[in-house]
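Please read the structure below before turning to the comments.
No hydrogens, no waters, no symmetry mates; every other heavy atom, side chains included, goes into these values.
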2 protein chains.
Amino acid sequence: MARSLRKPTARPNALVVAHDSTERARDKREQIMQGALRTFLSNGYSASMDAIAAEAGVAKQTLYSYFNNKEDLFAALMDRLLEHFVDAGMTPELRTLPTQAFLRKLAQITLSQMDDWEYVSMLRLVIGESARFPQLSEVYLTRLVSPGIAKLTHYIKMNEDLAFGDPEAVARIMHGSLINFIIAQEVLGGKHTMPISRERIINSLIDIVLFAAQQSAQSR
Amino acid sequence: MARSLRKPTARPNALVVAHDSTERARDKREQIMQGALRTFLSNGYSASMDAIAAEAGVAKQTLYSYFNNKEDLFAALMDRLLEHFVDAGMTPELRTLPTQAFLRKLAQITLSQMDDWEYVSMLRLVIGESARFPQLSEVYLTRLVSPGIAKLTHYIKMNEDLAFGDPEAVARIMHGSLINFIIAQEVLGGKHTMPISRERIINSLIDIVLFAAQQSAQSR
DNA sequence: AGCTAATCATACTAATCAGTCTAACAGATG
DNA sequence: CATCTGTTAGACTGATTAGTATGATTAGCT
């Protein structure tokens, strides 16, 4: 990733098509954010502004013409990144599935994020920087976690197959066990140290929940 | 926490009782590790050696007479810290309890670590530095997580009240939902953003597992 | 063609940090 | 009392970093 272009009059910018100034600014901003994203996700907040500029293929000065300082860049970046993950999860057409198929699909979608390097790195970054940037954790919780749990809670409440006494607690347990699986397997490298297939987790989780729901309904 | 002692001939060392050289060295080492522990857990690996020396009440040179460099100090420290948490969990007398009481007690013990600032900070540190120090994650997984899950798996297997098809997966789900609860509530500050009592989680988790176990046994 | 604004490479400042060096000093031992 | 070892405070080095400054170059606009 070393950049050693030495020609002083080079424009390393690829993709130069017709651009008026406003959309060029938008592209530059985008270019910076892409580079900063990769660099922050790889190196954490301690990534240097020089490294970010190099990765983005942009002069350092340009960084500072789009963002006041490192912290602002980081905040804007994480904001956008979290926004990008908001939509993963319960889509309307999923709700038409029978209960078991719905739960399986939901779990599969949640765990499919394991394969997304950006998601895994984001998790590590949010948790790792939660002392220095509590606001970042808060955005993560309120934008990603809380809505996901709320939707699952609502689904449990509305579904007569899932008559639990405390739907929110059940939703948190289900969601938490999956997120922790991602943390253990991907963030911490447990897939090498203590591997287990995601199917086994999904199957057991669904078994437990559905069996418990039956028993719970029966004992009323 | 500012240190501004200016007297050049001061020994700020409290607790000076009869000491031969070997035990004085042990005490110094201990003093350093205590200070380093607090500083690393508060500030992450980016804590400065000057700050550690100050927090330990020791000259920076003394750090380097006990440890070769920052990384060695960090590694020795985390090794000892993780060792310290190994014993939390299943004690022999717990096993004599009836199933439900056992599970409740186990969950309570696990979640009681939420109140331990060192444990919570350790979690954040292990996860946050898992890219830079994969070995640290590995020690965490193999010394803390894996044995805990193995013991719970074994308990499930041996307990006829808990006839699950995949005991290990069930153990991972139970353990994971509790660890994730700690991460969400304490590490990420969810106790302010999306609070819920630990009793609700424990109750629902036990309900689900026991109900599912009954149903599972019934359907065999 | 000529002007303007954005971007470039590069160098700089001031601060911080890991690690080393020095010289002084305290406490135990002989 | 003399010596030796461990510790101290503080200065220092070399590297890195956030952020700024500069002066050249380029692209878009009229």
What is the separation between atom [atom1] on [X] and atom [atom2] on [N], rounded to the nearest whole Å?
{"X": "R29(B)", "N": "dG6(D)", "atom1": "CZ", "atom2": "P", "result": "14 Å"}
{"X": "Y66(B)", "N": "dA18(C)", "atom1": "OH", "atom2": "C1'", "result": "20 Å"}
{"X": "L63(A)", "N": "dT10(C)", "atom1": "CG", "atom2": "P", "result": "16 Å"}
{"X": "Y64(B)", "N": "dT20(C)", "atom1": "OH", "atom2": "C1'", "result": "9 Å"}
{"X": "I52(A)", "N": "dT16(D)", "atom1": "CD1", "atom2": "P", "result": "17 Å"}
{"X": "D50(A)", "N": "dC12(C)", "atom1": "CG", "atom2": "P", "result": "15 Å"}
{"X": "N68(B)", "N": "dA18(C)", "atom1": "CG", "atom2": "C1'", "result": "13 Å"}
{"X": "M49(B)", "N": "dA15(D)", "atom1": "CE", "atom2": "P", "result": "19 Å"}

For S48(A), which contact category applies under a 4.0 Å heavy-atom criterion: base, sugar-phosphate, or nothing?
-> sugar-phosphate
Would you classify A51(A) as touching base, sugar-phosphate or nothing, given that sugar-phosphate means primed atoms plus P, OP1 and OP2, and contacts are heavy atoms under 4.0 Å?
-> nothing
Does the dG19(D) base have a donor-acceptor partner in the side chain of K60(A) within less than 3.5 Å?
-> yes
Is any side-chain N or O of K28(B) under 3.5 Å from a base N or O of dG6(D), one able to act as donor and the other as acceptor?
-> no
So which one's nearest nucleotide on DNA chain D is more toward 5', S46(A) or Q61(A)?
-> S46(A)
May I ask you to verify if any side-chain N or O of S65(A) is less than 4.0 angstrom from the OP1 or OP2 atom of dA6(C)?
-> no
Donor-acceptor pair, distance only, cut-off 3.5 Å: does the side chain of [X] make one with the backbone of [Y]?
{"X": "K70(A)", "Y": "Y45(A)", "answer": "yes"}
{"X": "R200(B)", "Y": "D166(A)", "answer": "no"}
{"X": "T96(B)", "Y": "E93(B)", "answer": "yes"}

The side chain of V58(A) lies closest to which of these nucleotides: dT7(D), dC8(C), dG19(D)?
-> dC8(C)
Among the nucleotides dC8(C), dT7(D), dG19(C), whichever has the atom closest to the side chain of A59(A) is dC8(C)
Would you mind reporting whether I127(B) and I183(B) have side-chain heavy atoms less than 4.5 Å apart?
-> yes
Does a side-chain N-to-carboxylate-O contact under 4.0 Å join E30(B) and R80(B)?
-> yes
Between M122(B) and L144(B), does a side-chain contact (heavy atoms from CB on, under 4.5 Å) hold up when you go through it step by step?
-> CA-CA 12 Å; M122(B) 176 274 288; L144(B) 281 190; 4.0 Å; yes
With five pairs defining each end axis, the helix from dA1(C)-dT30(D) to dG30(C)-dC1(D) comes out bent, to 10°, by 0°
For a quick test of your reading: what N or O donor-acceptor pairs under 3.5 Å do the side chains of residues 184-192 of chain A make, sequence neighbours left out?
{"residue": "Q185(A)", "atom": "NE2", "partner": "M194(A)", "partner atom": "O", "Å": "3.2"}
{"residue": "E186(A)", "atom": "OE1", "partner": "K191(A)", "partner atom": "NZ", "Å": "3.1"}

